[in-house]
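Quick note on labels: first sequence line is chain A, next is B, and so on, each numbered from 1.
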Protein chains: 2
Amino acid sequence: MKVKKEITIYDIADKLGVSTATVSRALKNNPSTSLSTRKKINAMAESMGYRPNLFASSLRSQKTHTIGVILHELNSSFITSVLAGIEKIASEAKYNLIIVHSAESVALEEVNARNLFNKRVDGVIASLSSDTENLSHFQQFQNKNIPVVFFDRVFEKSDDAKVIINNFQAGYDATAHLIEQGCRRIAHITSSLKRNVYSERMRGYKQALLDNNLKFDEKLVVVEGLKEEDATRAAKQILALKTLPDGIFITNDFCAAVVMQVLKDAGIQIPRDIAIVGFNNDNIGKVVSPKLTTINYPGFEMGKVAAHNLINHLKGVWDLSLSSTVVIKSELIIRESSLKKASTSHK
Amino acid sequence: MKVKKEITIYDIADKLGVSTATVSRALKNNPSTSLSTRKKINAMAESMGYRPNLFASSLRSQKTHTIGVILHELNSSFITSVLAGIEKIASEAKYNLIIVHSAESVALEEVNARNLFNKRVDGVIASLSSDTENLSHFQQFQNKNIPVVFFDRVFEKSDDAKVIINNFQAGYDATAHLIEQGCRRIAHITSSLKRNVYSERMRGYKQALLDNNLKFDEKLVVVEGLKEEDATRAAKQILALKTLPDGIFITNDFCAAVVMQVLKDAGIQIPRDIAIVGFNNDNIGKVVSPKLTTINYPGFEMGKVAAHNLINHLKGVWDLSLSSTVVIKSELIIRESSLKKASTSHK
DNA sequence: AAATATTATGCAACCGATTACTATTTAGAA
DNA sequence: TTCTAAATAGTAATCGGTTGCATAATATTT
């Protein structure tokens, strides 16, 4: 099997009797080449099947036109939406993406960061994995002036650029809604409190209790992972309480779905006995019974904003350090799982 | 803000008074360097904060040590598992991945293929989007002897390397199980029959009917997309039938979950009135009521096999063209949604 | 018509690592 | 001790674009 030799600008230059400099400029539509040669060269490149060698280009120009995206996971529709938002903006601006995910592990996150660094990405968009304790593995980017935008899972106190929702408010709204539905003993199932998203939501939960003269009870807070077995364990922990709660605010829709399943299997009626509010507005919420009340997490918007700000910074038309934090609107979506007042029983 | 200059092998060579050739060899642990200089050089590289310039390396060696992965989508746990399998094998072999997804669109798939091609990946692993009609955009890889392994969504008649399950058998098993449960009028909700996975499952469905003396009825087959609104439409189409079916084989778990929801909302009891079998063994199947009977799709295994075969081919210890098709085992997982015989009613 | 400005192109160094080939040193064999 | 082979290391060309600077060609101004 023989392989056709790769066409280079030298081949094009030879064929047309011009210099490689002219070819290079023409292919980039550099205005210091005449329109006629530009057309001639582009036509020839096309007909010869030329494809640019990005390594040579990046080596020389020290630019890759590539953005690295570090995701904590990629199994939720939230993350998929974020990605879609990033892709939309990036492709419009002719930036390529390298997408990596850390499977919720710092170790992998560090490896991923290193890889992106070695691949010389021009910028980074990242969401932290659940056990990340510090941002030292992002220092390498700052040392080289490679901009980083965090989204969703961030360190709120750092002054890095970030795109988030108001998790405190969302947690508050979710809890207040349960209270408004008549719940008086509200449990909270959440995940690693190292992560801003979860600690903030919990802060909102506490504040809502406080504002409604309900006592915060540590025994009603369950901290677990986000996988099926974690959620099952969390549900069992709830079931083991001496007095069952009459409402649960769960920080993730998939978890909420699993918890609901376990509770239903134990004969509990939702929302009559226990009302449930989830978080994320994942697809899953619409196919469980009862349908899940949740917080809509505007992933597509977040992705667009993150990519937009990063790329504008790269282009020099915007300075990321000026507005470090962008807060995107989120909102409560009320479905059946929390409607205690109008409760028709579900099994 | 000043940026430290990038360290190159020239800097290391200067510092130690050796040639760049020696440095290059030492960093690669080439045995034609003495152990002592090798140690000296690696230590110096480490202390100077050297990082290899992959562009220079790839430019010169014409190898990228990178595998491109084209996914039709990335929102199912099946795809996530495949990815995990690929990543496991690739990282063990020190290959990098570039993951792209086509959002079920040929147009995007073509762009993605082109991008991977221009990035000069050493090999490709791909699953086709729902409307791909031919493999012409993969021709470019073959022309350059870049190996491609397809998985899941493939062209079965082509002799490209591929990793699949026996979709015919799975469709047969799913349908036979419904028949065994007493169903006599079985509908089938599926997606683009251009895709082998769906057409083969349907072939299995038909064959199972035939083998059990049940007539195939075109009106009982609904072809739709895989999104929520598509599934809703499919369910409504079922509900609009003059005579309702007593069983449905649905080619995707998420669709099945949505369909179940719509049917339940219409007052139909599952599995008593209609028994349901899904496909994929997605997480969602465990949190719907009743829990979903489905076909387990061994994504992790498929990913591992695809990556393994590709990398071995790249290393020259294996020839992909020798065993073009690998079939991975799949199996029926029986849960509640299909158990008509032992039916306790679910609402 | 001469002087100046503008436009288009070429020259050649450069980005950083790899590697075929050559040279030197050292060890082992005769 | 002399010669050959093996072990190390160096030289320099190469991968394919990019770009500052110089030059030539053409247009504009005076």
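The aromatic rings of A:H65 and A:Y95 lie parallel to each other, their planes meeting at an angle below 30°, with 60° marking the opposite boundary.
At a threshold of 4.0 Å, the pair A:E73-A:R153 does not count as salt-bridged, since none of the basic side-chain nitrogens sits closer than that to a carboxylate oxygen. Using a 4.0 Å cut-off between charged nitrogen and carboxylate oxygen, A:E92 and A:K304 do not count as a salt-bridge pair. Looking at B:E6 and B:R51, a side-chain N of the basic residue comes within less than 4.0 Å of a carboxylate O on the acidic one, giving a salt bridge.
Rounded to whole Å, atom P of C:dA8 lies 14 Å from atom CG of A:N29. Rounded to whole Å, the distance from CD1 on A:I7 to P on D:dG17 is 10 Å. In this structure, B:D11 places its CG atom 11 Å from P of C:dC15, rounding to the nearest Å. Going from atom CG of A:N30 over to atom P of C:dT7 covers 13 Å, rounded to whole Å. Put simply, CD1 on B:I9 is 11 Å from C1' on C:dT19, counting in whole angstrom units. Rounded to a whole Å, the CD1 atom of A:I41 is 13 Å from the P atom of D:dG17. With rounding to whole Å, A:M48 atom CE is found 13 Å from D:dG16 atom P. Atom-to-atom, CG of A:L16 to C1' of C:dA8 comes out at 16 Å; the value is rounded to the nearest Å.
A donor-acceptor pair is defined here as one N or O able to donate and one able to accept, closer than 3.5 Å; no such pair exists between the side chain of A:S324 and the backbone of A:S321.
Comparing the axis of the opening five pairs of the helix from C:dA1-D:dT30 to C:dA30-D:dT1 with that of the closing five pairs yields an angle of 40°, rounded to 10°.
Under the salt bridge (Lys or Arg N to Asp or Glu O under 4.0 Å) criterion, B:E133 pairs with B:K194, not counting sequence neighbours.
For A:D159, the CG atom counts as loosely surrounded, since its 6.0 Å shell holds 12 or fewer non-hydrogen atoms of other residues, nucleotides or ligands. Residue A:H308 places its NE2 atom among 12 or fewer non-hydrogen atoms of other residues, nucleotides or ligands, all under 6.0 Å distant.
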Item to check | Full working for side chain to side chain donor-acceptor pair (under 3.5 Å) between B:R120 and B:T64 | outcome: CA-CA 7 Å; B:R120 309 275 212 278; B:T64 61; over 6 Å; no

Next on the checklist: Protein within reach of the bases, or only the backbone? For nucleotides 8-15 of chain D, mark each nucleotide 5' to 3' as B, S or -, using heavy atoms under 4.0 Å.
Outcome noted: SSBB-BBB

